[in-house]
Each structure stands twice: as structure tokens, then as C-alpha cells.
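A quick write-up on the structure given underneath.
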Amino acid sequence: MKTVKSFCRMCASACGTVLTLDDNNKLVKVRPDEDNPMSNGYLCYKGLYADEVQNSPDRLMHTVKRMADGSYQRIDSEQALDEIADKMRALIAEHGRDSIALYKGGHSYLTATAMIMLPMFREALGTNSYYSTATIDQSAKFVAVERLGAWGAGKNPLEESEVVMLVGTNPLVAHSSPGLLTTDPVKTLKRERARGLKMIVIDPRRSECAAFADIFLQPWPGEDATVVSGLIRIILSEGWEDKAFVAEHVKDGGMERLWQAVEHFTPDYVARRAGIDAADLFRAAQMFAESSTGAVFSGTGPSMAPHANLNEHLIENLNVICGRFRHAGERIHDIPILLPERPVYAQVIPPVRGFAMVPPSRIRGAGQLWGEKMTSTLPDEILTPGEGQVRCLFNAGGNPASSFPDQLKTVKALKSLDLLVSLQAFMDTTARLADYVFAVKLQYERADIPMYMFDMSYYPKSWSQYTPEIIPPPEGADLVDDWYVFWGLAKRLGLQLAFGDQPLDMETAPTTDELLQIRCRGSVVPLDELKKYPEGKVFDLEQYVQPAQPEATGKFDVMPDDVYAELLQVAGEPFRQEVLAQGGFTHQLQVRRVREINNSSAMWIKAVEKRMPYNWAAMHPDDLAAMNLAADERVTIRSEHGSIPAHVRPDDSIRPGVVSMTHNWGGLPDEAEGSAEPGSNVNLLISTEQHVEPINAMVRMTAIPISITRMD
Ligand code: SF4
């Protein structure tokens, strides 16, 4: 037996682990690393049971190819690459490069080498058909940056704040909000509360974070814009905004326009519309605005709700009008140490509306955000004939068949492809539709560093960690690195790849460690230095926010015309009860995260299956009593788009009239037919053609009107 240190890569938290391996290098135990200076001995359920994933008999140990009868047979991975490259050549010759689409899933985000290799392959291939998970649940945040602007030095960090406001985010469960309780969340929050941090939580469910809050507002689902407009209105009417900050950094006339936009949202109106107490709303506005530091953070809730882009714009406006950003001279404690040093300026990154600079998509006129097409349009890009039709999809570590809205359409689209290639460790729902499935290495089989996104550190300290490959591939296995699939294809297609700015040798494959070295070239802390600390290290580095550059003229655009028009539209929309009655519905479905899984991953853990055998529909006990339903009884949930079976569970953390379920659950629709196990994928209830946001084609994925009937 031996023990080795590493870190978990089942989500972005990168919790430190101590692995116990037997003499055959079999992983027999995972325990938290008490010495890890970032996670401090924290490990969630998923990380603790990673040995089950590692040793699962269901795991793919070699590449498989779908045969004519639908069965899968083993194929050598090099042979598979040859065949796929041949098919790609033919598709490109006949239909052009955009017929090849790439999708970056969660596994790719959590694998440093794959994270870089996929966009490099895209660039070399020259396809515009590039998608990722980012536009399933978070694209409204990008839209907000593009229309409002952003602050170059970031928001007030939690650890230096007097107050924090959480809107539709629950980091104690989600674990994935950059810089916000990313690691060791419970102890960190308790410590910050003991220090005196004030906390406001706004969530349709009395979340785990709400238990720590000074003020908790529980609005009806889908009322984010209403509640935040109400907060802004109170702050402005009381004169609590940071007048010096807005005078310097908000576009001329912006504050007047903002007031006009929110004027309708009086406390009384917001209270009636959102179902909250007007006095609580006032107290929340006062606590936030009268604190000297502390920002608002949102999660996927407002980004998946109706008026997603508006919600995120208004939420960030709260930070702008209260000036809740790091200012010049403040020390930066979360330096991304594995990137080159870059100065951080206290200035506005101006709104550029980049989405309007590319031709709108042929599907619902969607724009592009930061070089990516909108994922909700991908099934239609596959199904719709014409120029640019997608005929081949590489699914790099995602699970579109489970995670995309409108599961029926998605599955139909995936089945219609000329070529579907999936990179996965298990035969998940998407893999079961694929022509080829590459068996990729699991976390402890690959060298790695923690996740970075948009040159930003996810972690609240100047910390990082390196892990070598710890578990060698089992004898006889044909496991591949995610990045290798794309290097291997590029080689066969005669493409020159550049990793970062360094051209790669296209004759001899690099090693993962060599790629990591290239990735970290010129970094603040050399990778070789970091390797000396097996549990990672917080480096005591001094960097301070710089004053604005003389040429910086950017201003926040707090209320551009399109945002203004949408907020007026919200003010004219009927209240919830009227909407439900008009459609013949009785409840709203609120979608949430659960600790047991991370999107659709971790479902392979038997202990997870035992804890959460199905995606139950949590309902308030009063609702269950009114419908004469007992715990675990089966119901049918209907939306205007579709229906799913589900088991009910009593849960008084949600309001009567609301049903709460998690997303990405279950198998393929035909596999789950007529059963609540393992079915109940809420994406069957979601349309990609109704309730679609402009710009990012984001669809309504929560706050969905539904009805519930007992299943006989
Ligand atoms: S899944 Fe995330 S929170 Fe859980 S142990 Fe792994 S890294 Fe930590």
C-alpha cells in the first residue's frame, strides 16, 4: 500500500485528496488532504467515492465503434482515428468545414490540456461550429459584460467584504462559482460569518446558503428582474448609491435612464408580484448599500430563468451603482499563478456588443459570444438543411443527450448525424448514440493543473497545484488522453496545431506533461517550482490593483435601449397566478443543483445511486396533502412542451406552488418511457423555440409552468 497526494477534478473546486493505492496500483481509498492549503481537508461526497468511478466494472477501457446492428465493438484507437479522419475529409470536401462541429463539455473544462487543445484544433480546422456548456447555463453573464461592461480589477472578494448578496446561487452545493466559496465552502462561510460578514440570499428555494443569511428573500421563480429592479429603485430613491463612483464610471445620462426603467418597481409592486415582504426588500437594499464593501454574485438560476439577459444585467448593475469593485492600491490575493503576470487596472472594460458584429445565426437569429455559437441552437443546426448544416459532432467530455434543452429534439438531431464521436469514460446517454466512443483517462490517470477560465483564477488565493499521473492504465486497456484524439486527427488531416502560441511537433505526439509545461510558460510561478509542493501551495506574492490607464475611457452602460425595453416589457407582463391560470397550470418547476451529481457526471457512483435513485420532484408538504399524495408516489409532470414521470418528495424548503428538481437526469427518452427510473429528465419539458432570449437564444430552463397529476 502507498499513499499519494492529488486533487479532485470532478468539479472546479479542485479539492486536495490523498489516494491509497494497493500493490497493484489499484485505488482503494480516497480521503481529504488536511494539508491542502486551499481545500483544508474538505472533500464532498463525489470526491470521496471517486474510487468507485475508477474501479467501476461499467467503465470503458477501450475505444468502441457502433456496428450496423447498433451494437458496439472494440476498435483500436489508432484505427478509429484513421476511419474518423477519412470521414471528416469526405464531409469537408462535400459540405465545408462548418459541417464539423465541436462541443466542449464539462470534462474538457476540468482537464487542463483538453481545455487548450480543443480550441486549437478548432482554429486549425477552421470551423465556426464551436459550442460549449458555457452557453447552456451561463451565457447571460457574457451578454451582460457585452452590454454593460465589466470592471478590470473584479468585484470585492468575499474575504474582504462587509456584506455579500447571493442571487440564485448556492455555492455550498454548486461548488463552482469563480472566487465565491469555491473550496472548503462550509468552513469558509462559517469563518466569514464569525468575522462579521453580513449575508443576503435571494432564492426561490430556502437553500443551504439561506440557512446562513441575515436576510432571506424567497420570491416566486422567474422574478429575478422584478426583485433586483426593486432593490435598485430603493437604493436610488434613498440616495444610497456610490455617487462618486457612478459619476466617474457610468455613461452620461445612464443613471437617469436607470431610474426611469426601475421607477415602476416600487416595494409594494415587487412584493405583490414576487410574493415577498416589502419590508424585507427594503432591509436587503439597505444592508447591501450601507455596507462599505461587498458584491452581488449570481449563479445559474437567473441565467436559466425567463429574461435571463435582463436578470444578469440588473444584478451587475447593483455592483456598479454601489461601486463594489476592487480599487487602485488594493492588494490582489487571488493571482492566477500559472499564467503570465499581467497588470490589473481599476477601470471599466467598456461594453462592445461583440455579439452584434457577427452575422446572426440561421437558427433563431442567435448571435455568437466570445467566439462560440449558442448551444441551444446546435440541434437545429444539425436538423436544418442548408449552408452550414452540421453533419459531424465531436462531443469532448459533455453529455448533450442529457444536458441540452428539448431532449427529444436533441436525440433526434444526434441520431441524424453522419458522424458522432464522443470522448467519455462511460457509455453515457450521448455515447449510446455515438458512432465512435474514445475511452478517455479518468482524473487520477492524467497529469493536470486546476481549472482556469478566461485567464481568471477560480480560487480566492494565489494558489495552485500540480498532480502527476498517479494510476497507470490497467494492463490491456486502450485509454486515451482527450487532447490526443484531436492531435491524432490533426496529424491525419495534415493540420498544424499550436498549443498556446507554440507550434506542436505533428509527427511525434507530445506527453501531457510537455503540454502542461507549454501551457505554463512564463507563468508567475514556474510549474517546476509548484511541483515541489504535492498538496499545492499558496504563494505569498505582492500585486496591487493599478490606477486606471490614462487612455482608459470606458464607462458602464447601465441602461441601454434594449435592456430598457425589456424591463418595460416585464412591468407589463401578467403576474404568476394569471400566467399559470391562462395555461391551465398549477405550479412552477424550479430547477436546481444537488450535491450528489455535477451536471450529469458522478451518476456512476453506486453510493450516489443509493442516495438519489431518481430525480424526485420536491414539493411542499401542504401541496402533497392538498393532492392527497404520499412521499414517493408517482406523478406525471406536464409543461406546454412535454411531460415526464417523477416521484414526489416532501420538502418545506420550497413554497407551495413550486416543484423543485435537478437537471440532466436519466437515460434516453425511449429507454425511460413510462418509468420514473431512471427517467425524469426535465429537459423533456423545455422547448428551444418558445420563450427564447434574444442575442444568446437562451431558453427558459427554470420557472416553467407545469401541472401535476397522479400516475395510476
Ligand atoms: S466534486 Fe468538487 S467539491 Fe467535490 S470533492 Fe471533487 S472537487 Fe471537491
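For clarity, every value in this text was computed on a predicted model and none was experimentally measured. We count ligands from 1, going down the list as the structure has it; atoms in each ligand are counted the same way.
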Residue list, side-chain contact (heavy atoms from CB on, under 4.5 Å) with Leu48, at least two apart or on another chain: Pro32, Leu43
Tyr42 atom OH, neighbour heavy-atom count above 12 within 6.0 Å: yes
For residues 109-117, dump all side-chain donor-acceptor pairs below 3.5 Å to protein atoms at least two apart in sequence or in another chain.
{"from": "Tyr109", "atom 1": "OH", "to": "Ser132", "atom 2": "OG", "distance (Å)": "3.0"}
{"from": "Thr111", "atom 1": "OG1", "to": "His107", "atom 2": "O", "distance (Å)": "2.7"}
{"from": "Thr111", "atom 1": "OG1", "to": "Arg446", "atom 2": "NH2", "distance (Å)": "3.1"}

Lys187 atom NZ: more than 12 heavy-atom contacts under 6.0 Å: yes
At a cut-off of 2.8 Å, protein N/O/S around atom 4 (Fe) of ligand 1 gives Cys44 SG
Across all chains, not counting sequence neighbours, the ring-ring contact (aromatic ring centres under 6.0 Å, His included) partners of Tyr131 are none
State the atoms of ligand 1, each with its element, that fall below the 4.0 Å cut-off from a heavy-atom position in Ala14. 7 (S)
Looking only at heavy atoms, which two atoms of Ser653 and Asp651 are closest? And how far apart? OG-OD1, 2.6 Å
